Structures are given as C-alpha cells and as structure tokens.
2 protein chains.
Amino acid sequence: MKKGHQVTMKEIAKKLGVSVSTISRALKDSPELHPETKRKIVEMAKEMNYQPNLLAQSLRISRTKTLGVIVPEITSHFFASCISGIQDQANVRGYNVMICQSNEHLELEIANIKTLVASQVDALLISLSRETNHYEHLFELYNREIPFVLFDRVQEDIPVSKVTFNDVGGAYQVTKHLLEVGCKRVMYISGPEDLYISKKRKEGYLKALAEFGVAEDPSLIKVTDLTSEGNIAVAEEILQMKERPDGVFCMIDPVAVEVLIHWKSQGIKIPQDIALAGFTNNPTSAVIEPPLTTVSQPGYEMGKLAVSHLLDQLDGIASDDPISIVLETTLIPRQSTQISK
Amino acid sequence: MKKGHQVTMKEIAKKLGVSVSTISRALKDSPELHPETKRKIVEMAKEMNYQPNLLAQSLRISRTKTLGVIVPEITSHFFASCISGIQDQANVRGYNVMICQSNEHLELEIANIKTLVASQVDALLISLSRETNHYEHLFELYNREIPFVLFDRVQEDIPVSKVTFNDVGGAYQVTKHLLEVGCKRVMYISGPEDLYISKKRKEGYLKALAEFGVAEDPSLIKVTDLTSEGNIAVAEEILQMKERPDGVFCMIDPVAVEVLIHWKSQGIKIPQDIALAGFTNNPTSAVIEPPLTTVSQPGYEMGKLAVSHLLDQLDGIASDDPISIVLETTLIPRQSTQISK
DNA sequence: CTGTTAGCGCCTTCAA
DNA sequence: TTGAAGGCGCTAACAG
C-alpha cells in the first residue's frame, strides 16, 4: 500500500500562477500582502485540502513542537494518569507528545531516549525504570543541552527540574494513621532498597514512629522485590513470625493487595488481626474487600505540572535553574485500617 | 532555554575534508566505498557523537516510520494494554508510535487525526470515541489514501481492515454460563444502543437465550448511559422490579462493578439473590467481593495484531483489500455467578 | 571509489 | 506587494 499524495504549497502556487513564498505568506496571514491575493490563496488552499507538512516546517525552524515522554509502564494506572495530564497540558500549549515505555528496563530506556532525540523532540519528560542504576544517559542528555525534567521516579543528582510527591509526608501520614487507630507494632514492607521511593517512604515511616515515641525495630521492616512471588513470600513470612505486627504499611498498593488476598486465604481478619495500608490509590484498592486505606497521588496533576514547568523553561518564562516541585498526597482512610475498639 | 546543537553530516564532512554524500554512504554502510575512508568516518561520527536527524531523513524519503494511534482513553486498562501491544510490535518492525486520546469526544478525534496526518505518520490505528456518530473524517482519510485500521471500536461501513473481538461469541458464552448455573430470568444491561458493542453483545445474549428455549423478554433488557449515575439508577430500578432477574449480564465490567457495590449496600446477596457477570476482565473485577465473572479480551494481542496487519499492508506483504480480524474471548467464571445448589 | 547536483516542503532574507 | 534565492539535514542519481 502506498500513501496518497499530499498537496504542497508548490502545487497551489502553480495553480494560481504565483510564487511559493506568496503562498507561504498568505497562509500565515502576513500583513504585507494584497488582501485579494491572500483571499484567493486561502480559498484555494481549502479547496485543495492543503495541510502543512509539519516535518518540513520543523526542519526549517528546527523546532518540532513535540515533547518526548518515557514511562516505565503505560498499563499502570498511575502512569496512564500522568500521560493523560501531560498530553492535555501539552496540547493546551500547542505541543504534541511522543510516548515510549521502558518496560522497567534500563536498556529500553536508553533506546527510547535515543529514538526521541533522533526524532528531534524539543524536550523530554522522563520517569526512570526500576532497573536504572546508572545515569550516564541522563548526563549525556544534559551535556547535549537537551531540556528534560524527571517526574515521579527521579534521581536526585541530576541537575534538572524534578516533580515528585511528598513521599516522606505521605508515608508519615499513613504510619501516623496506623498508630492513631491503635496499632502497637507497625511494620513497613519496602520495595528494593535502592529505589528512591523505598527510602523516602521509610523515612516517613520512621518519622511517625519517632513522633509517637516508638522505637525502631529492624524485624518490623521487610523487603520485597515487588514480584507477585516476592510479595506473597513476605506475606507468608509475616504469618510465621512469633510476634506478628498488628499494622502493616506497604510501599505500594499492589503489594498490599497481594498481601491482603494471601492473608484472607489463610483466615486472617483484616483489620481485626492486622490492619493494612498501601500507597498510590489504585482503582483496585477501593473495591477490594475490605477497601484498602491508602495515600492518593494525583498523577494527572503531576503530568500537567511537569509539562507546564518544562514549557515555561523552554519559553524562557521560567529560569533554567533546576527546581524541585513537590506535590502533596492525601490519606484515604478505608476499612482495612478501621479498627473498632 | 535553548536546545543544544546537534552534530550534522556537514560538520563531519568538513572535519574530514570529504563530501557530505561520502559521509552519508559510510554511515549506511554502502559497499562502494573505500574501507579505510569508511572506517575513519564511522570513527569520527562516533567521536563527535553524531545522531542522524530523523526529520530530515523522513522529509527526504517521505516516510517517517511512525504510526499514529488514537484511543478514547489512555487511563482505561484495556486501551493501555492495546497501546502497549501496538508499541511493542511497532518497535519490532522498526516503527515509532505517536499516541493521542480523544477523551471520547468526536471533535478531539478529528483534531487528533489532523495533527497526526500533519506530522506525516505513515499510517493510523484508530479506536473510535463514544461520541463518534458520523464518519466523514474517516472517509476523508480513506479518500486521501492514508492507510489506517480500526480496532475494538470500529464502524462497519468504512472500507478498511478492522480488528475486533468476537463480541457475539463472548456475550453468548457468558449468557449461556448464567443459564447453565441455573438462572431463569437473565437480564442484559446494555450501553447506549447505537454503540457497536451494545448491539453485538445483545446479539450474543439473545442467541444464548434462544438456544436454551427462553423467550426474549423486553423487560429484561435495560440501558445505561454508562455514567456512574446511570449505572446506579439502573441497579436501583432492578431492585424495584416486581419480578427481579436472577442473573444479570452487564455489557462492560465497570457497570457490573457499580451495580455490585450498590446492591451490596442494599443487602442483596451475590450470587445467591442475583448472579452477576461483566465483560472485559478489568483488574478490578478480580479483586472485588465476590470476584466478578467476566469475559477476557486480550488487548495486548489486539494491538500487536493490528500493527502486524497494518504494516504487512504497508509493506505489500498483505493485500490492500480490507479484512476483518476477529479475536476470540475467554469466559472467566468467578464467584459472582457461582450458585451452589 | 568519491564529488557534484538536485531536491524533499517550507520559511526568510534580499531585491525589485 | 511580490518573486528569486538560499538553506534546514539528508539521500540519490549522475558523473567522473
């Protein structure tokens, strides 16, 4: 199959017996042009169904008005929300968006960056993959002076703007909530320990404990690799403990969901035996039984803000100096922590 | 902020004292070239960190190796899966992807098409918005000979290839299942009646009834506008019926989920009082209480297949004659229809 | 084996 | 008020 022919300025020019530059001027409503000529050209363009070739335009002005986006996973509801916010805001500002997913692989992340750069996107928005443990590709972007921002999964040492959630605050809120409903032994189930959010949420967890005068207990911090098997293994491990926790805060909702299902299958009552909370506010968490207490992160807002700031920088409205934008999270208390005493 | 400069062939040429065409040839590994020259050029290109400008390349060869995708909603898990499949398969075949969402609006759908066409995508994959009730924009694409395929939300009269699920079959499966577990009065909750899937799933529903010798009963077909309010209104309506159904098949999972939640809040036991089933197999449906019987649609596979076929057509491997690819669905029986007698 | 030339579609001086 | 010329970065036919 071959693509049909697109009308070009040249053809309009020939048809009307004028030069291509006149067409160009007429179509961008240049004032220095006879109104009558302009009218005729605009009319003819419409009649011939002329559509400007963005490729040629971009090549000429060396700007594509396109942003590149890299996320770990499109199928994650959270990242889908971010993308949605990015797109909407980009469109508002007259930009298009090219989206790639890294599938949580460093290698793909690097390949995606390369593709997007080759496609001459004006700037990038990146959320790092779980595998990303070195950052040369990002420093290279920086050195090549290709504007970009990091969002959600960020790396602190890269000198670009970052948009994140107040992870410490969110984890603090939820831990505090567990303590307030009466939990005495609150556990934190963390993801891989080198992940940014693992660290930040642990920080919030410890902060709440400290505030309530509860001593840190290493046996009350478990680590999962975030796979289903890993999550369920941790859930089972907890059941085997001599002294079980009476409240558990999972770093992310999917872990909490799998723990909850496993425990229910073992006859554990939630929240009576163990209260359980997550973080992210996935759609699933609201409908599971019992509904899961969690912390909501406005992904759509995050996407919008990231684009706004990035374009402000591009347009010179905002300074090029990197800033850190921190979005607040909201505790969503549900039945999984509603201990009636 | 201004974007940093990108190295061009011209610069490599000047540095090495050869012509630009020689550079071009070396970089695409042309055989008619002195190996030594080639070596030097490739080396220098790497040293200068040369990256080809896809824009210029595309303009020259008038092919972008980019596909445009339009979906109603990225945040829907099903469409996210499709996108994921589209991207993966496109990458395998050396294509990039630009994604747009219509947010279920016809106007945005039209605007998206325009943008993607202006960006010179080689072809499009489109899933129609709910609002789309006329099809001039698609016929225009067709007339302009821009290759495209429709997937999931299709319109039958457009002479292009379509990828769909066997909706009739899926609805038949799930209705039959309800009848087999002992339901006597099976209801179908439909979406807006002009939607393709509303019609097709009704067809499957009726087919199963007929096969079981059950007469069609108009009072056992309800229509929702698919909003939360609409869904809950229908749920409540059913409770008010003198003769309630004992089994209900909802056109899509989200409807079933909202019905289920409303009924539970009213003290209805599922499946004992009324058995309930959906269609789509959203992640939510597996964790709700009771887990929802539904029909799974492999979105990722759909995306992959749509791209494969489209690119086969583009590459002349497949005929340009439109075909219809129909994917089979799978019944996922869960507790919401597990009536123990 | 390599350079010259021409042009993809568009925009923008510079002249007229 | 309009046209001619040059060039964005790259490829490809045509000469040598």
Side-chain angles (χ1 to χ4, degrees), chain A residues 2-42 44-45 48-66 117-122 144 146, chain B residues 2-42 44-45 48-66 117-122 144 146:
Chain A
K2 69 173 207 304
K3 210 166 54 171
H5 173 73
Q6 304 266 32
V7 177
T8 67
M9 289 189 175
K10 201 174 176 180
E11 300 174 59
I12 306 183
K14 196 163 65 187
K15 205 137 198 166
L16 253 36
V18 295
S19 79
V20 179
S21 8
T22 305
I23 307 289
S24 175
R25 281 190 269 254
L27 260 27
K28 60 172 37 178
D29 209 28
S30 157
E32 42 168 38
L33 202 56
H34 193 92
E36 177 56 14
T37 339
K38 191 189 291 183
R39 198 192 53 71
K40 272 211 289 235
I41 292 174
V42 170
M44 177 58 82
M48 295 176 72
N49 198 6
Y50 169 79
Q51 298 290 135
N53 183 326
L54 251 46
L55 236 53
Q57 220 165 279
S58 298
L59 181 61
R60 180 62 240 268
I61 65 179
S62 38
R63 273 203 337 176
T64 52
K65 286 255 183 188
T66 299
V117 168
S119 299
Q120 310 295 118
V121 295
D122 290 342
R144 294 179 64 180
I146 295 166
Chain B
K2 67 173 211 304
K3 211 167 53 170
H5 173 74
Q6 303 265 35
V7 177
T8 68
M9 288 188 174
K10 202 176 176 180
E11 301 175 57
I12 306 181
K14 196 163 67 186
K15 204 135 197 167
L16 253 37
V18 295
S19 80
V20 178
S21 16
T22 304
I23 307 291
S24 175
R25 281 190 270 254
L27 260 26
K28 61 174 34 177
D29 210 28
S30 157
E32 43 169 34
L33 201 57
H34 192 92
E36 178 57 13
T37 337
K38 190 188 293 183
R39 198 192 53 71
K40 270 213 289 240
I41 291 174
V42 171
M44 177 59 82
M48 296 176 72
N49 198 6
Y50 169 79
Q51 298 291 135
N53 183 327
L54 251 46
L55 236 52
Q57 217 166 284
S58 298
L59 180 61
R60 181 62 241 266
I61 65 179
S62 39
R63 273 202 339 173
T64 53
K65 287 257 184 183
T66 300
V117 169
S119 300
Q120 311 294 118
V121 294
D122 290 342
R144 295 180 63 181
I146 294 165

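So that the names make sense, note that chain A is the first sequence line, chain B the second, and so on, each numbered from 1. All of these numbers come straight from a predicted model, not from anything done at the bench.
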Whether [X] contacts [N] is assessed here as follows: a side-chain N or O lying under 4.0 Å from the phosphate OP1 or OP2. Is that the case?
X: B:Lys38; N: C:dC1; answer: no
X: B:Thr37; N: C:dT2; answer: yes
X: A:Lys10; N: C:dC8; answer: yes

Give the nucleotide from the list [options] with an atom nearest to the side chain of [X].
X: A:Ser21; options: D:dG3, D:dA13, D:dT2; answer: D:dG3
X: A:Thr8; options: C:dC10, D:dA4, C:dG3; answer: C:dC10
X: B:Val18; options: C:dG3, C:dC10, C:dC1; answer: C:dG3
X: A:Tyr50; options: D:dT1, C:dC10, C:dG9; answer: C:dC10
X: B:Gln57; options: D:dG3, D:dC10, C:dC10; answer: D:dC10
X: B:Asn53; options: C:dT2, C:dC8, D:dC10; answer: D:dC10

Requested in this report: Classify the nucleic acid contact of A:Leu33 as base, sugar-phosphate or nothing, counting any heavy atom under 4.0 Å across all strands shown.
Outcome: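 Sugar-phosphate, backbone atoms only, no base.
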Report task. Assess the side chains of B:Gln6 and A:Arg144: does a donor N or O sit below 3.5 Å from an acceptor N or O? Result -> yes
Query - A:Thr22 and A:Ser19 side chains, donor-acceptor separation under 3.5 Å - result: yes
Query raised in the report: Given that B:Thr22 and A:Lys28 both sit by DNA chain C, which one's nearest nucleotide is further toward the 5' end?
Result: B:Thr22
Tell me: [atom1] of [X] to [atom2] of [N], nearest whole Å?
X: B:Gln120; N: C:dC8; atom1: CD; atom2: C1'; answer: 11 Å
X: A:Leu59; N: C:dT12; atom1: CG; atom2: C1'; answer: 14 Å
X: B:Arg39; N: C:dC1; atom1: CZ; atom2: P; answer: 16 Å
X: A:Leu16; N: D:dT2; atom1: CG; atom2: C1'; answer: 14 Å
X: B:Glu11; N: D:dC8; atom1: CD; atom2: P; answer: 10 Å
X: B:Ile23; N: D:dA12; atom1: CD1; atom2: P; answer: 16 Å
X: A:Arg63; N: D:dG9; atom1: CZ; atom2: P; answer: 16 Å
X: A:Arg25; N: D:dG3; atom1: CZ; atom2: P; answer: 8 Å

Query raised in the report: Which sits closer to the 5' end of DNA chain D, B:Ile61 or B:Glu32, going by the nucleotide each is nearest to?
Result: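 It is B:Ile61, whose closest nucleotide lies nearer the 5' terminus.
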Query raised in the report: Between the main-chain N or O of B:Leu59 and the side-chain N or O of B:Ser62, is there a donor-acceptor pair closer than 3.5 Å?
Result: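 Absent.
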Query raised in the report: Are B:Ile23 and B:Tyr50 side-chain neighbours, meaning at least one heavy-atom pair lies under 4.5 Å?
Result: no
Query - salt bridge (Lys or Arg N to Asp or Glu O under 4.0 Å) assessment of A:Glu36 paired with A:Arg39 - result: CA-CA 5 Å; A:Glu36 177 56 14; A:Arg39 198 192 53 71; 2.9 Å; yes
